[in-house]
Protein chains: 2
Amino acid sequence: MTTIKDVAKLAEVSVATVSRVLNKNGYVHSETEKRVAYAIKQLNYKPNDVARSLFKGRSKMIALLVPDIMNPFFPELARAVEDMTKQHNFTFVLCNTDDDIDKEMAYLDALKQKSVDGIIIVSSTISADNISGMGTPIVALDRILSSSLSSVTVNNYVGAKEAVQHLKAIGCKRIAHISGPENVSNAKQRLKGYLEEVQDEEWFLPSYIEQGEYHFEDAKEATKKLLTTHRDIDGLFVANDLMGVGALKAAESLGIKVPEELSIIAFDGISLGETTSPALTTMAQPIYQAGAKAAEIIIEQIENQHSFVTNEEFSVKLVERQSTKFGRSSL
Amino acid sequence: MTTIKDVAKLAEVSVATVSRVLNKNGYVHSETEKRVAYAIKQLNYKPNDVARSLFKGRSKMIALLVPDIMNPFFPELARAVEDMTKQHNFTFVLCNTDDDIDKEMAYLDALKQKSVDGIIIVSSTISADNISGMGTPIVALDRILSSSLSSVTVNNYVGAKEAVQHLKAIGCKRIAHISGPENVSNAKQRLKGYLEEVQDEEWFLPSYIEQGEYHFEDAKEATKKLLTTHRDIDGLFVANDLMGVGALKAAESLGIKVPEELSIIAFDGISLGETTSPALTTMAQPIYQAGAKAAEIIIEQIENQHSFVTNEEFSVKLVERQSTKFGRSSL
DNA sequence: ATGAAAGCGCTAACAG
DNA sequence: CTGTTAGCGCTTTCAT
C-alpha cells in the first residue's frame, strides 16, 4: 500500500507538503505542487480514509437505517438518499433493521464506533432516550420518532382522508380499512384520517378495520377475513401499497372483482403498484424528494455543525389507476 | 468521547491491560480483569473502530455491490449476505452501481480506502484487470466476471432449457424468448438454453427473440412488439421475473389471455412473481442460499488469508404458478 | 513556502 | 502478569 510517505519521498518534500496539496490548504509553491501532483499520479496514491477519519473524528459516511429492505418502498427511498449523499462525496451505508430495537441499537453503536457522520433513520421502536447523547446528527424519515429530532414525512392524515373521499366520490357506500402496525406513526395517522371520514356514517362499524403488519401476506389474510365477514364492503383503503397488492390478491382469491365489485386504494406510490392487474390506485408520496430532503438536512447539519430541528412535511397526490372505478354509485 | 485511556485511568492500570481484556488475549489477573470490566461498564466505553482499523489495516466491513437496488431480486440477495455477515460480526455495506463501470470503480476505490475486508460484487462491466491488485478478497455473485475469481451462480443454461421444456410439455407450439442484456453472463446462458431447445424446431425464427434490459418497462415494450408481430406465439420464456411481470402486463394490454392463450414462464423466483394476477410461473433460484454462500466464501477468505478460487453453482427449480397451464395441447 | 513533530485511539512487541 | 513504547497514515500547529 502506498502512503503519503512514499509520495513525499518521490517528490522530495515533507509529508506535510503532500498533505497540503492533497487538501488544497496552506501555502505551497506551484512548482512544488506540480512535483507532488506528479508523484501522486505516478504512484497512483490514494489517501487512507481510515487514518484521516481517526484524526478528524469524522468519516465522510452517512447511514440510512430502514426496517425492511424487501419492501420496495425502502429501496426507492434509499436510492434517493444514495444519490444525494454521493453528490456530496459521502459514502452511503444502507442498514436493515427488521424494526427490531436490538438490531437498531447494534447498528447505532457500530456506526458510532466507525465515526459515521450522520444517520437517517426510519424506525418505530427507537425512542428519544436511545439516541440522546449519540453525538451524531440524526434525522427521522417517513416516521416521526421524537419532537426533538429533525424529520421528513408526508401528510399521512390528509392523504388518508383524500383516499377515502375518493372512494366516496366514485360512489362507494361501505368503506373499510386495512391498517398498518399500531406502533408506526404513519399508520396511526392514516387510520385517523380514515376514521375522521367514516366514523359518523351510519353504516360504519369498528369491524370495518382490520389490522396487519406492513407485509404482503399479512394484508392478504387480513383482507380475506374482512371481506368474508362483510360481503357488503365496496370500498377499501389499505395502509400501504405492499399491503394493497395483498388486498388485491385476497379479493381475487375470493372471486370478488376489482374494481367492478370492490374499489381498492392504497398509499405510497411505489412502482410495485403498476405491475399488478388491475394496477393499484394510490395516494402517491414524493418518495424520491423525501429521501433527498432527508439527506440534504443531514448534510447541512454535518457541514455546519449545528442541529436546528427541521420538520419537513410533503403532501401526497392521488394517482388513479385501475383498482378504483368511477360510476359505482349507479350499482 | 471516552477512550481506552479513560478506562485505564479509572481501573488504575495501563492501556495495554485494558486492550488485553478487550481482546481477550495475553495474560491478565482475574482481579485486574474485573476492575477493568467494571470501569468499561461504568464509562459505557466502546472501542473506537477507526483506530482499530488503522492499526490492523482491516475494518470488519464487507461490501456488496449490486447493479440495481430497485430490482427486488437484489434486496433478497442482500438480505442473505447481510444476515451471514452480521452473524460473523462484520458490518455490512450495500452499494448500488447502476451497472455503471465508473460508479463501480469509484466504489471499489472508496471501499479500499476504508480498508473494507471483502467485497461481493454483482457486475457485468467489471473486468479482471479492473480488480487485479486490489489486495482485497472479491467474489462474484450471480454473474461471472473472470475465471480467476471465486463465484457463486446458478445453472442458468440448464434452468433455461427446463423452462422451455416445461412450455413444450404443457403443449406450447410456438415458443418465444424475451432475453436480458447481452453483456450479462446469466442472460447469455439463459438465451443459450432457450436456443438449444428451439433452434431445430421447424417453426423457429430468430425474430422469436426480443431483447431488453432487466427492467419492467423494457420488457413490456419488447413483449408488445413481439406479440404484435407474431400473433401465433403461445409460449414465452422471459429472462427474469421483473421482465416477466412486464410481459404479463404487455399481454394484458394486447388483450391476450394468460395462461389461456399464452403461457409465460420467467426466471429468478422473487416474491414479486407471487403478487401478480396471474401469478408468475418461474425457474426459482435459491436466492438466499446463493447470497449466504457468497458471504461464507468471502468470510473464509478473509479469516484464513487465502484466496483459493471457489466456484459454486446452484441449480434452479420449476415453480408452477398461474401463468402457465397444462392441457394447452388440446387447443 | 516548507519541515519537524505531536497526536488521533488502539494494538503488539518487548521488557521486566 | 503488567507497563512502556513504537507505530498504523494522516493532519495540523509551530517553527523557521
Side-chain angles (χ1 to χ4, degrees), chain A residues 1-37 39-40 43-61 91 109-117 135-136, chain B residues 1-37 39-40 43-61 89 109-117 135-136:
Chain A
M1 191 190 175
T2 110
T3 76
I4 199 172
K5 269 189 180 168
D6 303 321
V7 177
K9 201 172 294 171
L10 182 59
E12 295 180 300
V13 294
S14 73
V15 295
T17 303
V18 178
S19 175
R20 283 189 192 100
V21 349
L22 239 34
N23 299 291
K24 305 185 203 310
N25 61 13
Y27 299 92
V28 35
H29 194 85
S30 72
E31 283 302 313
T32 340
E33 181 171 349
K34 255 177 223 154
R35 278 211 322 284
V36 172
I40 288 177
L43 298 169
N44 187 30
Y45 166 72
K46 303 275 165 56
N48 180 325
D49 270 347
V50 179
R52 237 176 213 183
S53 295
L54 178 58
F55 183 86
K56 297 220 176 196
R58 292 183 284 112
S59 65
K60 267 301 190 181
M61 290 198 283
T91 300
D109 269 354
L111 294 171
K112 187 178 180 185
Q113 291 173 59
K114 296 203 176 298
S115 301
V116 164
D117 296 354
T136 309
Chain B
M1 191 189 174
T2 109
T3 77
I4 198 171
K5 269 190 179 167
D6 304 321
V7 177
K9 201 172 292 170
L10 182 58
E12 295 179 299
V13 294
S14 73
V15 294
T17 303
V18 178
S19 176
R20 281 187 193 103
V21 347
L22 238 35
N23 301 290
K24 303 185 204 311
N25 62 12
Y27 300 92
V28 36
H29 194 85
S30 71
E31 282 304 312
T32 337
E33 181 173 349
K34 254 177 225 153
R35 279 213 318 286
V36 172
I40 288 176
L43 298 169
N44 187 29
Y45 165 73
K46 303 275 166 58
N48 179 326
D49 270 346
V50 179
R52 236 176 213 183
S53 294
L54 179 59
F55 182 86
K56 296 221 177 199
R58 295 185 280 112
S59 65
K60 266 303 190 179
M61 288 199 284
N89 289 320
D109 269 354
L111 293 171
K112 188 181 178 181
Q113 290 172 60
K114 295 204 176 297
S115 301
V116 164
D117 297 354
T136 310

Quick one: does A:V7's side chain get under 4.5 Å of A:L43's, heavy atoms only? yes
Is any side-chain heavy atom of A:T32 closer than 4.5 Å to a side-chain heavy atom of A:V13?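 A:T32 reaches A:V13 side chain to side chain.
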Measure from the side chain of [X], starting at C-beta and using heavy atoms only, and say which of [options] lies closest.
X     : options               : result
B:V15 : C:dT11, C:dA1, D:dT11 : C:dT11
A:N25 : D:dC1, C:dA12, D:dT12 : D:dT12
B:S14 : D:dT4, C:dC8, C:dT2   : D:dT4

For residues B:M61 and B:V116, report the shortest heavy-atom separation together with the two atoms involved.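 What the structure gives for the nearest pair is O-CG1, 3.4 Å.
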Roughly, in whole Å, what's the span from [atom1] in [X] to [atom2] in [N]?
X      : N      : atom1 : atom2 : answer
A:K114 : C:dC10 : NZ    : C1'   : 14 Å
B:I4   : D:dT5  : CD1   : C1'   : 14 Å
B:R35  : D:dC1  : CZ    : C1'   : 12 Å
A:K112 : C:dG9  : NZ    : P     : 13 Å
A:N23  : D:dC10 : CG    : P     : 11 Å
B:Y45  : C:dG9  : OH    : P     : 10 Å
A:K5   : C:dA4  : NZ    : P     : 12 Å
B:D6   : C:dC10 : CG    : C1'   : 13 Å

Taking any heavy-atom pair under 4.0 Å as a contact, classify [X]: base, sugar-phosphate, or nothing.
X     : result
B:T17 : sugar-phosphate
A:T32 : sugar-phosphate
B:V13 : sugar-phosphate

What distance do B:T3 atom OG1 and B:K46 atom NZ have between them, rounded to the nearest 0.5 Å? 15.0 Å
Under 4.0 Å: is that the gap between some side-chain N or O of [X] and OP1 or OP2 of [N]?
X     : N      : value
A:T3  : D:dG9  : no
B:Y27 : D:dG3  : no
B:N48 : C:dC8  : no
A:R52 : D:dT11 : yes

Of A:L54 and B:K56, whose closest DNA chain C nucleotide lies nearer the 5' terminus? A:L54
Let me spell it out: for each of B:R20 and B:P47, pick the nucleotide of DNA chain C with the closest heavy atom. Which residue's pick is nearer the 5' end? B:P47
Can B:R20 and B:N25 be said to form a side chain to side chain contact (heavy atoms under 4.5 Å, CB included), step by step? CA-CA 5 Å; B:R20 281 187 193 103; B:N25 62 12; 4.3 Å; yes
Does the distance from a Lys or Arg side-chain N to an Asp or Glu carboxylate O, for B:D49 and B:K60, drop under 4.0 Å? no
For DNA chain D, whose closest nucleotide is more 5', that of B:E33 or that of B:A51? B:E33
